[in-house]
Amino acid sequence: MLKPVPNKLDLPAIDRELLDFWKRERIFEKSVERTGPKGDFVFYDGPPGTNGVPHVGHMMQSALKDLWPRFKTMQGFRVLRKAGWDTHGLPIELTADRELGFKSKREVDAYGVQKYIDYCRQTVFRYKGMWEEAISKIGRFVDLENAYATYQPYYIQSDWWTLKQAWNLELEGEAREQALKLGQSPRYLYRDYRVMAYSPRTGTTLSNFEVAQGYEDVTDLTLYVKFRLKEKQDSHDVYLTAWTTTPWTLLSNLAVAVHPEIEYVTVELLEDCDAGKAGERLILAQARHQALLPFFGKHHIVGHQLGADLAGKKYEPMWEWLPSDHESAMRVVADDYVTALDGTGLVHLAYYGEDDFRILRKNGIPLVLAVDKDGLVADFVKPFAGRWFREEHLDVDILKALKEKGLLIAKEKHTHSYPFDYRTGSPLMYFPRPAWFIRTTALKEMMIEANKLIGWRPEHIRDGRFGNWLENISDWNVTRERYWGSPLPLWVPEDGDLSEAVCVESLAELRSLVERSGNTLPAGFDPHKPQIDEVTLLTKDGRVMRREDFVLDSWFNAGLMPWGQYGFPAEAGSDEQFRAQYPCDFICEGLDQTRGWFYTLLACSCLVAKAQQDDAKKRGDRERARFWNDPRNWSSYRNVICTELVLDHEGRKMSKSKGNVVDPVALFDKFGADPVRWIFYASNPWNAIRFGEEEISDAVRAVILPLWNSYTFFVTYALIDEWRPGQGTVAPTLMDRWIVSEYHRLIEKVTVSLEDFDVASAAGAISRFLDLLTNWYIRRSRRRFWKSDSDTDKATAYATLYEVLTGLVYALAPFLPFLSEHVYQNLVRGLNPDAPASVHLAAFPMANPALRDEALEARMERVFEAVTLARALRQERNLRVRQPLTSVVWVVPDQSTEAELAPFLQIMADELNVKSVKLRHDDRDLVTRSATANFKVLGKRVGSRMPKVAKAVAAMTDEQIQAVEGGGRFRFEEFELGLDDIQIRRSEKPGLALRSDGFMTVALDTELTPELEAEGMAREIVHHIQNLRKQSGFDIADRIALEVQAHSPSLEAAVLRYKDYICKETLALDFELKSAVTGTTLDANGHTFTLAVRRANRTTNKTEA
RNA sequence: GGGCCUGUAGCUCAGUUGGUUAGAGCGCACGGCUGAUAACCGUGAGGUCACAAGUUCAAAUCUUGUCAGGCCCA
């Protein structure tokens, strides 16, 4: 049985009830326990970090991450949804440091690494409860119980296995030679250096994010210096010039860089000056010549050359400790990074900067560091040994030494921003730190190939942001000098002999290696620092090996999630799980993940694909080879939606400092989850979305209420009539066939749009359909439900509305899981206990093309247009719809449509409250025609003569146009124009009550006869009685008794004449026209009357007369 | 400095392969409805499509540049 609908819609109460119901009935679990007839639709949940609270942006992702799995489940797929948490990495250490008051690695070491790790581990899940609450309350179906967490030993083993894949892969051919030349191992996992922001006082490397917080403006001594070329020019000494803001780096100068395309000049000094002695020649960028004039006395330019011409020139080492005869050091090198915006347009290079490092390595120049990692000048730099790199006098002493050597041009005080440790205030330096890399450059082609096959939303990311990133990729530094993370599973002999190094791929392998070394792993071994560092291994010849003291980039953890979530391959059963759930069909994360998760997922999967190709080939496993050779499997994701920011109602970023951060859970508790979800579907999520309470009530108005109102309308009358599905004979009217057709159109559109990951189009189609349903179908069909006869027409109305409404509820289930479930439980389950227990276990509706009637849809559109014209006329003539009129003339200048449109005339007459609608197609007496060229058709034919033709068409007379309409041709020069070549527009002749939209015309008979006036009065009276009924709190099926006193003879006549009509409309059993009535006095079209209404004796729940 | 995105009605946004009346919702004005209504319905006003140049018979749409905003990277 249907249950009556409460008159108040309490969404939060519905949410609570259904969350409880889903949990009790295990609805989500049931959906994943059954096998999908269409197989698996695979979804990967990107792991959020949990040491912060969830915000609205996460809720947008939750809403989207929930939509497609629900949709696909209803379509017959199984969609596993394993949640996950990102539990390693910098944010957790920073939280721990802040709370423990630590500012440096040394303090952590003093505190004790074990205690520190334990603290981090406790911090990880501090806000997990809040996350779980928010995720459940938005209605997300996701497996939180079996969520993966990156700090678990099974996950760490997947990290190790993945690294082992890289360890086993080796470069080949030229790339291999190149790597060996740089002193790197040719493996895909290799050790090198990376220039990092480093705090020598605290021994800590800082992330870019941390560095950004500690810039300060400082004034430093800067130097213009010169380097003497080995080769003289016409017996003149030639010097390269350079400017530096960090004189201490000059102690380590190894090369000088130029831009290959910048123009450089050679200047010859004609007298002694700051820059040097008469006769010396100096090379500088032409663009800097003017700025450097103050340093020169008399001089002239003796040469021009491009940077590329300078490349390779050798110069004398600035200092005696620098290599003097290395094949590539102390040379000019060319690189695009050099600019002529400041300095001399030449740049001195030392290994203390990212670009410097890159260029020096590229040119095979050996590492020389005159300042060590403690910030002190090294012992081999005799004159300055042991001095602090930022000591003011060091710069001065370097200046003096250079002046003595004749290599100084000038000094200058210069203010620039310099990075400091934001926690201790001590200066940072960029320093090459040892680090381990994955050779993503060797995977570049694979990644680019795989990227072409990824379905990006929005699409421009593929070739834009992401594609560019891949094009400019460098090897991936996967290690960090931190504590709380997956440990790097590499053991190296104490003497640093990397050729003996061991990369461990699992705990089992580690255990056996430990045992082979004569030890055992302790019980309850935790593969984190510091326990992992206590594990030492032995080489075959008995040398001690220690672990390389690094943890892994937490992005690396996240990138291998496709197998990490199952602990593949070490965990039992993970092989099947991974194979069944790889690659995935859909992920959805923030746009900022292009360099984050989107990238690391791709890098990790390409790495594994490459390794698996090799491995499968080696083992002759054809099936596996075929799988991994297919570029469609190189990316672990096939479709990705990028989300933009959620802004506040004003369009501002949400931030704590602005105080405009919204607590999602509070919103769900106040408004319910469905309206919040709808906001994230109504416009595409890759555009920034504005979000506030106003937007929520918009969503309520746009979808929730129309759905709710349709539902309550249906239930109210179905209860009165005790309607059951299948009851009565059904004979669909035009209106019924139309709404069914529109319904199938909707289903088609929603299905196609969702399969295309275009949620906004799907949502737009739903809004449109709800408007048609409530404001046309139901409004125009109300009387079919009200009327007393239980006939075929009524049965058809019920059957049609039921079909469309329940279908709509299924289609809405992925979007509005709560309200649709609530309606489903009553409308479907209430009448059919055999239906699936939940709408979320039911099937998504299939669009049935046989029930579409596109011609009918198009004609109904024409009816809407005609109605709009007529309503505008009524408005203009001040004739309210309640006043009946004799006729409307509808002129459609299209012969063929008359028969097609005739069936719609009654609908129009009802809607417009006229006695008849007359259809015509001849509008000659009503409108004047004008024509414009049909540019699309004519443009192709007449080309550049278009403007002339257009002018001629515009000048056509009404008669000429009519002739063309009648099948004639219009001649202009050599062109013969037919009906298809022009567009005809009609405008109303003045003085008539008519309107045209340029095509069709509507004319209104505005004459009011006494009969029409009387009927209008009767309708006014009905209208007032209905108001009174409602005010008096009567039930809609209550019978009433009426007493009426008319204060004018014409009104009395109208009342008498329409007595039966009034009674029928208002369910009045008794009607008395009296000369005196005590009641409410009201007005009907300027005539007053007094009215008394009381409930009649007989009360019934049924409308049968 | 580089890359990508965005600029259309007061506001938020649609706008197909270029084709001449540029759409919707909200807001506003006016009117209506009250037997589905935490209501709703109708009608109307409101736009040099950021600016400039170019391609074309024809540009909101294609190209280039400028300006403004956003994101990412240096």
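Excluded from the calculations below are hydrogen atoms, water molecules and symmetry mates; all remaining heavy atoms, backbone and side chain alike, are included.
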note = Checking B:rA38, B:rC57, B:rU37 against the side chain of A:N709 (C-beta onward), the nearest is B:rU37
message = Any base atoms under 4.0 Å from A:A950, or only sugar-phosphate, or nothing? Heavy atoms, all strands.
response = nothing
message = Given B:rA36, B:rC57, B:rG27, identify the nucleotide with an atom nearest to the side chain of A:M946.
response = B:rC57
request  = Give a yes/no verdict on base stacking between B:rC57 and A:F935: centres under 5.5 Å, planes within less than 30° of parallel.
outcome  = no
inquiry  = Salt bridge or not between A:R457 and A:D756? Use side-chain N to carboxylate O under 4.0 Å.
reply    = yes
message = Just to be sure I understand the rule, does A:T868 reach a base, reach only the sugar-phosphate, or reach nothing, if contact means heavy atoms closer than 4.0 Å?
response = sugar-phosphate
Under-4.0 Å side-chain N/O to phosphate OP1/OP2 contact, A:N934 with B:rU20 = no
query = Can you list the stems that RNA chain B is part of, where a stem is at least 3 pairs in a row, each Watson-Crick or G-U, with both distances below 3.5 Å?
reply = B:1-7 with B:67-73, B:10-13 with B:23-26, B:28-32 with B:40-44, B:50-54 with B:62-66
message = Which nucleotide wins on minimum distance to the side chain of A:Q875, given the candidates B:rA74, B:rC72, B:rG42?
response = B:rG42
request  = Among B:rG3, B:rG31, B:rA39, find the nucleotide with the atom closest to the side chain of A:R465.
outcome  = B:rG3
Any A:R945 side-chain nitrogen or oxygen under 4.0 Å from OP1 or OP2 of B:rC57 = no
No-H, no-angle donor-acceptor pair, A:R985 side chain to B:rU21 base, under 3.5 Å = yes
message = Under 4.0 Å, counting only non-hydrogen atoms across every strand here, what does A:D698 touch: a base, just sugar-phosphate, or nothing?
response = nothing
query = Looking only at side-chain N and O atoms, does A:S767 come under 4.0 Å of OP1 or OP2 in B:rG25?
reply = no
